[in-house]
Amino acid sequence: MNIKVINKNDVNIAVISSDDVIINNVQDALDLMVTVRYDYNCDKIIINKKNIIEDFFDLKTGIAGEIIQKYTNYQLPLAIIGEFHQYNSKSLNSFIYESNKGKNILFKGTEEEAVESL
């Protein structure tokens with residue numbers, strides 16, 4: 001896993017990149033949160049959807065809800081980047097749409113869009 005730090009408006013954003021899945025469960029998400037906050041002094045995270053277990057995008061599993069609740073509780077905004085058009089789930093598409101209205105959890109196409117939105 002590689003972590004690049006971008007500073008925008010005096011806020012550090014951790015951009016996570018890897019060829020592997022980094023978040024397989026809630027504990028992995030918490031571990032990532034602790035790493036970027038305390039080891040890299042970042043207050044926001046950008047991660048590619050390929051680095052998150054596919055079950056996250058199946059809302060019936062509950063993984064997305066648990067992870068997002070942790071990031072919201074700990075006030076660490078998260079942007080997930082990638083293409084989401086391949087998902088034919090009305091509930092997931094609604095969830096993405098509603099999330100993008102806020103500032104805590106965002107779904108964006110590119111890193112640049114995520115940086116601008118965070």
Side-chain angles (χ1 to χ4, degrees):
M1 170 175 71
N2 295 313
I3 299 176
K4 171 177 75 174
V5 177
I6 296 174
N7 184 286
K8 181 179 181 214
N9 299 327
D10 293 325
V11 175
N12 287 335
I13 303 170
V15 180
I16 312 301
S17 62
S18 177
D19 292 330
D20 302 316
V21 172
I22 296 168
I23 298 176
N24 289 290
N25 51 49
V26 175
Q27 188 59 54
D28 289 347
L30 288 170
D31 291 346
L32 179 62
M33 184 187 311
V34 169
T35 298
V36 300
R37 183 158 272 169
Y38 296 106
D39 292 349
Y40 291 86
N41 195 33
C42 292
D43 296 312
K44 300 178 181 193
I45 298 176
I46 298 173
I47 189 168
N48 194 294
K49 73 177 224 46
K50 72 178 181 178
N51 300 128
I52 302 172
I53 190 169
E54 193 62 29
D55 283 350
F56 178 93
F57 300 99
D58 180 358
L59 297 183
K60 290 180 276 182
T61 66
I63 293 172
E66 288 182 67
I67 290 172
I68 287 169
Q69 187 64 48
K70 297 291 185 196
Y71 277 78
T72 301
N73 288 347
Y74 290 104
Q75 300 177 3
L76 190 70
L78 173 69
I80 301 169
I81 58 173
E83 290 297 322
F84 303 99
H85 297 88
Q86 74 270 26
Y87 298 109
N88 293 321
S89 167
K90 184 177 180 182
S91 59
L92 178 63
N93 290 331
S94 295
F95 175 71
I96 289 171
Y97 176 78
E98 290 299 323
S99 293
N100 284 337
K101 287 182 176 180
K103 289 286 183 186
N104 291 323
I105 307 298
L106 303 172
F107 295 84
K108 297 296 178 181
T110 66
E111 179 182 318
E112 292 77 21
E113 289 174 342
V115 168
E116 285 303 311
S117 297
L118 286 171

Around Gln86, counting heavy atoms of other residues, nucleotides and ligands shown, do more than 12 lie under 6.0 Å from its CD? yes
Residue pair Phe56, Leu92: steps toward the side-chain contact (heavy atoms from CB on, under 4.5 Å) verdict: CA-CA 10 Å; Phe56 178 93; Leu92 178 63; over 6 Å; no
Are Val36 and Ile46 joined in one hydrophobic group, where the rule is that I, L, V, M, F, W and Y side chains link up if heavy atoms are under 4.5 Å apart? no
Might you confirm whether atom NZ of Lys70 has over 12 heavy atoms from other residues, nucleotides or ligands at distances under 6.0 Å? no
Do Val5 and Leu76 belong to the same hydrophobic cluster, where Ile, Leu, Val, Met, Phe, Trp and Tyr are linked whenever their side-chain heavy atoms lie under 4.5 Å apart, directly or via other members? yes
Show the numbers, then the answer: is there a side-chain contact (heavy atoms from CB on, under 4.5 Å) between Ile47 and Leu78? CA-CA 8 Å; Ile47 189 168; Leu78 173 69; 3.8 Å; yes
Are Ile105 and Ile13 linked, directly or through intermediate hydrophobic residues, by side-chain heavy-atom contacts shorter than 4.5 Å (ILVMFWY only)? no
In the single-linkage hydrophobic clustering (I, L, V, M, F, W, Y; side-chain heavy atoms under 4.5 Å), do Val11 and Ile3 co-cluster? no
Quick one: which residue pairs count as a side chain to side chain donor-acceptor pair (under 3.5 Å) with a foot in residues 10-24, not counting sequence neighbours? Asn7-Asn12, Asn24-Asp28
Rounded to the nearest 0.5 Å, what separation is found between the CD1 atom of Ile80 and the CD1 atom of Ile67? 8.0 Å
Can you list every pair that meets ring pair (Phe, Tyr, Trp, His ring centres under 6.0 Å) and has a residue in residues 66-118, with sequence neighbours left out? Phe57-Tyr87, Phe84-Phe107, Phe95-Phe107
Is there a donor-acceptor pair closer than 3.5 Å between any side-chain N or O of Lys103 and the backbone N or O of Ser117? yes
Can you check salt bridge (Lys or Arg N to Asp or Glu O under 4.0 Å) on Lys49 and Glu83, steps first, answer last? CA-CA 8 Å; Lys49 73 177 224 46; Glu83 290 297 322; over 6 Å; no
So CG of Leu106 and CD of Glu116: to nearest 0.5 Å the spacing works out to 12.5 Å
Glu111 and Ile81 have their tightest heavy-atom pair at N-CD1, 3.9 Å
With hydrophobic residues grouped by side-chain heavy-atom distances under 4.5 Å, do Ile63 and Ile22 end up in a single group? yes
Ile23 side, atom CD1; Leu32 side, atom CG - distance, nearest 0.5 Å: 5.0 Å
Mind jotting down which residue pairs meet the side chain to side chain donor-acceptor pair (under 3.5 Å) criterion with at least one end in residues 29-46? Sequence neighbours excluded, please. Gln27-Asp31
So which heavy atom on Val21 is nearest to which on Lys50, and how close? CG2-O, 3.8 Å
Shortest non-hydrogen separation from Ala79 to Leu118 and the atoms involved: CB-CD1, 4.0 Å
